[in-house]
Structure formats: structure tokens, C-alpha cells
Amino acid sequence: QQQVKQSPQSLIVQKGGISIINCAYENTAFDYFPWYQQFPGKGPALLIAIRPDVSEKKEGRFTISFNKSAKQFSLHIMDSQPGDSATYFCAATSSNSGYALNFGKGTSLLVTP
Amino acid sequence: KAGVTQTPRYLIKTRGQQVTLSCSPISGHRSVSWYQQTPGQGLQFLFEYFSETQRNKGNFPGRFSGRQFSNSRSEMNVSTLELGDSALYLCASSFRDGAYEQYFGPGTRLTVT
């Protein structure tokens, strides 16, 4: 079964707006939550990641918010740009699972000019 | 530093044949994982190798196998190909045992006819 649920499936945001993608997980043993960005014809690229001992991590225009009690985490892309148009995947893993990444189904983001 | 490289990039095979895909990890990385990406199932973990040993395996049939060489390069093999094996096969490398960060290659696009 899908261990990580991701929404929305697709998202259209105007240039300069905020893109928000949400993920939820069930396995409380997960202790590492990365986000990947994938462009057509390319492999996923590690964007940003968070551990459950912090509630927020920011890198440039990208921020992860993490809610351990709700078992949810989200990616915020501030000042979204057309170059951000890609598919975004959340994932979760733990040392117990041998670091195998459990991915969400992905969100196709389109940033319009 | 060069990224993860995968060969070949594209492959067309006939049902019933077998195929071998190759992955060279980032220099110095010793762990290699394989993932299958399809539109329907998304990204799914196949297996992970460290120091030439398979340490973790996903929920795939025995037709899917792999190995890792002493220089950390890895191969995966799929025997008796089925139409449903058509997918993008992605290799990811990690620096060391216990490293959470995985860096993906561009993938091999396998089409089974």
C-alpha cells in the first residue's frame, strides 16, 4: 500500500505566487523526509530534506514544514518561477527500512508567466 | 564531481527477452539503490547494494535481480521480460552506510514490445 500520500496531483500557480504541496505518512518509524524535483527526461534531484526533530527547514525559496503529531509535511515554494515547473515528489524513509525511499505519487507543478 | 551515470539511456526489448542495465555511482559513493518509475505505480524501490551485498529488497518478483562490483558499480537484470516491465529504471547512490541522502541518475527508459 502507499505509505506516503501526496496532494494535489497537479497544481497551477502564477509567477510570484506560493506553491504548496502536502504529504502524509503512517509509519512513525520514518525519520527522514526528502523532497525531489524531476524535470522531463531527467532523474529526480534532491531538493531539500528534513528530520522529525525540527518543524521547519528553509533553503532559499524552498521550505519544508513538518508536523510530527499529525504525521504530515509540506513543501512551500515561495516566489514561484516558470523554471520551477516540474514534478515534485515527497518521500520518507528510516534506518529500519534500510533507507529505501517510499515516494508519494508526485505533484505536477505548472508556474504560469 | 560527475553524477550518477546510467547506461544505456534507452532500450527496446521484446517480451520474453532479458535485459541488463548498468549504473556507475558518484565517485566515492558505496551504496547503490534501484527504483522503477511508472505512470501507474510511481517510484518503487527495487533493491539496494552496499559493499557488493544486497541489503534490502523491494516487493518485486525474482525476475528482477542485481549485483554490485568491487568498484561500487552496479547492474540490474530483468529476465523473461513482460509488457508491464516497461518503465524508467533509476539508480541512486549514497555516500556511505547509513547515509540518508540518495542522488539519482537520469535513468534507463526500457520499452518492452
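Note that the structure is a prediction, hence the values are computed from the model and not measured. In what follows, chains are A, B, ... by sequence order, proteins preceding strands, each numbered from 1.
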- [ ] Mind checking the CD-CG spacing from B:Q44 to A:N102? Nearest 0.5 Å is all I need.
- [x] 10.0 Å
Task: Least distance between heavy atoms, A:R51 atom then B:Y100 atom - done: NH2-CD1, 3.1 Å
TODO: Please flag which part of B:L88 lies under 4.5 Å from any non-hydrogen atom of chain A: side chain, backbone, both or neither.
DONE: side chain
TODO: Under the side chain to side chain contact (heavy atoms under 4.5 Å, CB included) rule, what do A:F103 and B:Q41 come out as? Steps first, then yes or no, please.
DONE: CA-CA 10 Å; A:F103 283 92; B:Q41 298 300 316; over 6 Å; no
- [ ] With rounding to the nearest 0.5 Å, note down the distance linking CZ in B:F45 to OG1 in A:T93.
- [x] 8.5 Å
Task: Sidechain-backbone polar pair: A:K105 side chain, B:G40 backbone, donor-acceptor under 3.5 Å - done: yes
Open item on the list: Given heavy-atom pairs under 4.5 angstrom as the criterion, report whether the side chain, backbone, both or neither of A:K42 touches chain B.
Closed with: backbone
Open item on the list: Less than 4.5 Å to any heavy atom of chain A: does that hold for the side chain of B:L43, its backbone, both, or neither?
Closed with: both
Open item on the list: With a 4.5 angstrom heavy-atom cut-off, is it the side chain or the backbone of B:Q102 that approaches chain A, or both, or neither?
Closed with: both
Open item on the list: Can you give me the closest heavy-atom contact between B:L90 and A:G43, atom names plus distance?
Closed with: CD2-CA, 3.9 Å
Task: Most chain A-contacting option - heavy-atom pairs closer than 4.5 Å, from B:F47, B:Y103, B:Y35 - done: B:Y35
Open item on the list: Using a 3.5 Å distance criterion without hydrogens, assess whether the side chain of B:E101 forms a donor-acceptor pair with backbone atoms of A:P34.
Closed with: no
Task: Part of B:R109 within contact of chain A (heavy atom distance under 4.5 Å) - done: neither
Task: Side chain, backbone, both or neither of A:L46 within contact of chain B (heavy atoms, under 4.5 Å) - done: side chain
TODO: Tell me, for A:A49 versus chain B, whether the close heavy atoms (under 4.5 Å) come from the side chain, the backbone, both or neither.
DONE: neither
TODO: May I ask you to check whether over 12 heavy atoms, not counting those of A:Q14, lie within 6.0 Å of atom CD?
DONE: no
Task: Approximate separation, where rounding is to 0.5 Å, of A:Y99 OH and B:S31 OG - done: 9.5 Å
